[in-house]
**Student:** 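Below: one structure in structure tokens.
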Amino acid sequence: MITVRAPATSANLGSGFDVFGVALDRPADFVRVSRAEETTIEVTGAGAQYIPEDPKKNTVGAVAEALDAPAHIEIDKGVRPASGLGSSAASAAGAALALNELYDRGLSRSALVPIAGEGEAVVSGEAHVDNVAPALLGGFTVAVEGDVHAVDASVPLVACLPEIAVSTRDARRVVPETAAMDDVVHTVGRAATLTMGMCRDDPDLVGEGMHDTVVTPARADLITGYDGVREAALDAGATGVTVSGAGPSVLAACHPGDRRRIGATMLEAFAEEGVTGRVYQTEIGRGAEVVARE
Ligand SMILES: Nc1ncnc2c1ncn2[C@@H]1O[C@H](COP(=O)(O)OP(=O)(O)O)[C@@H](O)[C@H]1O
Ligand SMILES: N[C@@H](CCOP(=O)(O)O)C(=O)O
């Protein structure tokens, strides 16, 4: 029996739609696997009632199939589904790491990324890897067709999760099909700035690089109170604010020591719109890791 802790992740970071991702120090899922004749799944924890246990509908089922590694898989959810914090990806990445070891497959973490991506295809219709890559590799990741680049980075973050659900599948429907050249130039500049910020552990550059005029405005309309929450976080000292993944979580980058104030302000701004929620004071963290072998 092997247990893996698999972290939440935040994809896109504004300017890097479907490309950028970071592992978050918290929250996390715990995935425990034991060998079996056929795959069965048991889910407990945050939002478990919304997560199917049918292997054909759960991300970990697709991973077990891709690795030809049937198992009884217990998932203890720390990352609520439809949160914009890579909930489905955390389980997929955790299962990939755990089953790889359980069945002695010998695959590297990089080789497990597309396998965990198969799990994402089950829920969003596409095998995008911008969440599973940081969940496996940790740090800041850049997913380009067929390849992933990763770098360790240290930047304080606040993730504010409102009590509303936005499914990734629905949020992909509002993404514009085309962009004007001015917006493309703006986005490239911000994405490059963010990448430089990650390489230098510089929260100011990371925050500046989060600004995006193409995808984020369309997604923001799905999140009640987004504009007020963004303004409030910036007023409280955030260096940049954007939609986390497909939403509804809102992600702020900041300097050390500012997280508590920013988190409280974001919750107040949501409350003004009648929305409750919770805050994770977090930072860029490590990838999934084995925490127990029994
Ligand atoms: N192991 C899993 N963990 C979380 N969600 C899962 C899992 N397997 C399937 N799902 C489904 O995936 C959807 C949530 O995924 P998604 O919308 O991408 O949320 P998130 O933004 O938190 O990753 C829900 O419909 C949920 O039922
Ligand atoms: N690039 C994807 C990322 C979805 O992240 P999630 O955490 O909301 O599942 C997208 O923006 O659709």
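Worth saying up front: this structure is predicted, and the values here are computed from it rather than measured. Just so you know, ligand 1 is whichever comes first in the structure, and atom 1 is the first atom listed for that ligand. Any value given below was found using the heavy atoms of this structure, including those in side chains, with hydrogens, waters and symmetry copies removed.
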**Student:** Is Arg219 in polar range of ligand 2, meaning some N or O pair under 3.5 Å apart?
**Tutor:**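 Checking ligand 2 against Arg219, an N or O pair does fall under 3.5 Å apart.
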**Student:** Are a donor atom and an acceptor atom from the side chains of His72 and Thr40 found within less than 3.5 Å of each other?
**Tutor:**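 Yes, Thr40 and His72 have a side-chain donor paired with an acceptor closer than 3.5 Å.
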**Student:** Should Val214 and Phe17 be counted in the same cluster of Ile, Leu, Val, Met, Phe, Trp and Tyr side chains packed under 4.5 Å apart?
**Tutor:**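 Linked within one cluster.
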**Student:** What are the atoms of ligand 2, with element, lying closer than 4.0 Å to any heavy atom of Asp18?
**Tutor:**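 Those qualifying, in numeric order: 1 (N), 2 (C), 10 (C).
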**Student:** What I want to know is whether Thr168 and ligand 2 share at least one N or O pair that is separated by under 3.5 angstrom.
**Tutor:**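 Yes.
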**Student:** More than 12 heavy atoms of other residues, nucleotides or ligands under 6.0 Å from CD of Glu294: is that the case?
**Tutor:**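 Yes, because the 6.0 Å sphere around CD of Glu294 holds more than 12 heavy atoms from other groups.
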**Student:** Whether Asp258 and Arg261 form a salt bridge (side-chain N of Lys/Arg under 4.0 Å from carboxylate O of Asp/Glu) is what I want to check.
**Tutor:**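 Counted as a salt bridge, because a side-chain N and a carboxylate O are separated by less than 4.0 Å.
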**Student:** Can a side-chain donor-acceptor contact be found between Ser87 and Lys77 if the only test is distance below 3.5 angstrom?
**Tutor:**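 Yes, side-chain donor-acceptor contact under 3.5 Å.
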**Student:** Please enumerate all residues that pass salt bridge (charged side-chain N to carboxylate O under 4.0 Å, His left out) together with Arg172, with sequence neighbours excluded.
**Tutor:**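 Arg172 satisfies salt bridge (charged side-chain N to carboxylate O under 4.0 Å, His left out) with Asp18, Glu126 only.
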**Student:** Between Ala236 and Thr265, which heavy-atom pair has the shortest distance, and what is it?
**Tutor:**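 In terms of heavy atoms, the two residues are closest at CB-OG1, 3.6 Å.
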**Student:** Give the atoms of ligand 2, by number and element, whose distance to some non-hydrogen atom of Leu85 is under 4.0 Å.
**Tutor:**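 Those qualifying, in numeric order: 7 (O).
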**Student:** Taking only heavy atoms of Ala11, which atoms of ligand 2 are found under 4.0 Å from at least one of them?
**Tutor:**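 Counting from 1, the qualifying ligand atoms are 3 (C).
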**Student:** Is there a heavy atom of Ala171 sitting under 4.0 angstrom from any atom of ligand 2?
**Tutor:**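 Flag not set, Ala171 not near ligand 2.
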**Student:** Within a distance under 4.0 Å of any heavy atom of Phe17, pick out the atoms of ligand 2 and give their elements.
**Tutor:**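 Here the atoms of ligand 2 in question are 10 (C), 11 (O).
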**Student:** If you define the side chain from C-beta out and look only at heavy atoms, does anything of Glu42 sit under 4.5 Å from Ile73?
**Tutor:**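 SC-SC contact between Glu42 and Ile73 ruled out.
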**Student:** How far is atom 7 (O) of ligand 2 from its nearest protein heavy atom, and which residue and atom is that?
**Tutor:**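 Answer for atom 7 (O) of ligand 2: Gly86 N, 2.8 Å.
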**Student:** Give the residue and atom name of whichever protein heavy atom lies nearest to atom 12 (O) of ligand 2, and the separation in Å to one decimal.
**Tutor:**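 Here the nearest protein heavy atom works out to Arg172 NH1, 2.6 Å.
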**Student:** For atom 11 (O) of ligand 2, what's the nearest protein heavy atom and its distance?
**Tutor:**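 Among all protein heavy atoms, the one nearest atom 11 (O) of ligand 2 is Asn12 ND2, 2.7 Å.
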**Student:** Calculate, to the nearest 0.5 Å, the distance between atoms CG and CD belonging to Asp201 and Glu283 respectively.
**Tutor:**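 One finds 10.5 Å between CG of Asp201 and CD of Glu283.
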**Student:** List the closest protein heavy-atom neighbour of atom 4 (C) of ligand 2: residue, atom name, distance to the nearest 0.1 Å.
**Tutor:**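 In this structure, atom 4 (C) of ligand 2 has Asn131 OD1, 3.6 Å as its nearest protein heavy atom.
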**Student:** Present, as a list of atom pairs with distances to 0.1 Å, all nitrogen or oxygen contacts under 3.5 Å between ligand 1 and the protein.
**Tutor:**
unit_1	atom_1	unit_2	atom_2	d
ligand 1	1 (N)	Asn58	OD1	2.9
ligand 1	1 (N)	Thr59	OG1	3.4
ligand 1	1 (N)	Ser91	OG	3.2
ligand 1	3 (N)	Lys77	NZ	2.9
ligand 1	8 (N)	Asn58	OD1	3.3
ligand 1	8 (N)	Thr59	N	3.2
ligand 1	15 (O)	Ser88	OG	3.4
ligand 1	17 (O)	Thr168	N	3.1
ligand 1	17 (O)	Thr168	OG1	3.1
ligand 1	18 (O)	Ser88	OG	3.3
ligand 1	18 (O)	Thr168	OG1	2.7
ligand 1	19 (O)	Ala82	N	3.0
ligand 1	21 (O)	Gly84	N	3.0
ligand 1	22 (O)	Ala82	N	3.2
ligand 1	22 (O)	Ser83	N	3.0
ligand 1	22 (O)	Ser83	OG	3.1
ligand 1	22 (O)	Ser87	N	3.2
ligand 1	23 (O)	Ser87	N	3.0
ligand 1	23 (O)	Ser88	N	3.4
ligand 1	23 (O)	Ser88	OG	3.3
ligand 1	27 (O)	Tyr50	O	2.8

**Student:** Measure the CZ-OG distance between Arg278 and Ser83 for me, rounded to the nearest 0.5 Å.
**Tutor:**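 It is 11.0 Å, given to the nearest 0.5 Å.
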**Student:** Do Leu194 and Phe20 make a side-chain contact, defined as non-hydrogen atoms from C-beta onward lying under 4.5 Å apart?
**Tutor:**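 Leu194 vs Phe20: side chains touch.
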**Student:** For ligand 2, is any non-hydrogen atom under 4.0 Å from Thr9's backbone (N, CA, C, O), its side chain (CB onward), both, or neither?
**Tutor:**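 Under 4.0 Å from ligand 2, Thr9 contributes no heavy atoms.
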**Student:** How about CG on Asp152, more than 12 heavy atoms from neighbouring residues, nucleotides or ligands closer than 6.0 Å, or not?
**Tutor:**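 Not more than 12 within 6.0 Å, no.
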**Student:** Below 4.0 Å, non-hydrogen atoms only: which portion of Glu120 touches ligand 2? Side chain, backbone, both or neither.
**Tutor:**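 The answer is neither.
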**Student:** Taking all atoms of both residues into account, what is the closest heavy-atom pair of Leu24 and Ser10, and its distance?
**Tutor:**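 Scanning both residues completely, I find the closest heavy atoms to be CG-N, 4.2 Å.
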**Student:** So which heavy atom in the protein is nearest atom 8 (O) of ligand 2, and how far is it from that ligand atom?
**Tutor:**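 Looking at atom 8 (O) of ligand 2, the protein heavy atom closest to it is Ala246 N, 2.9 Å.
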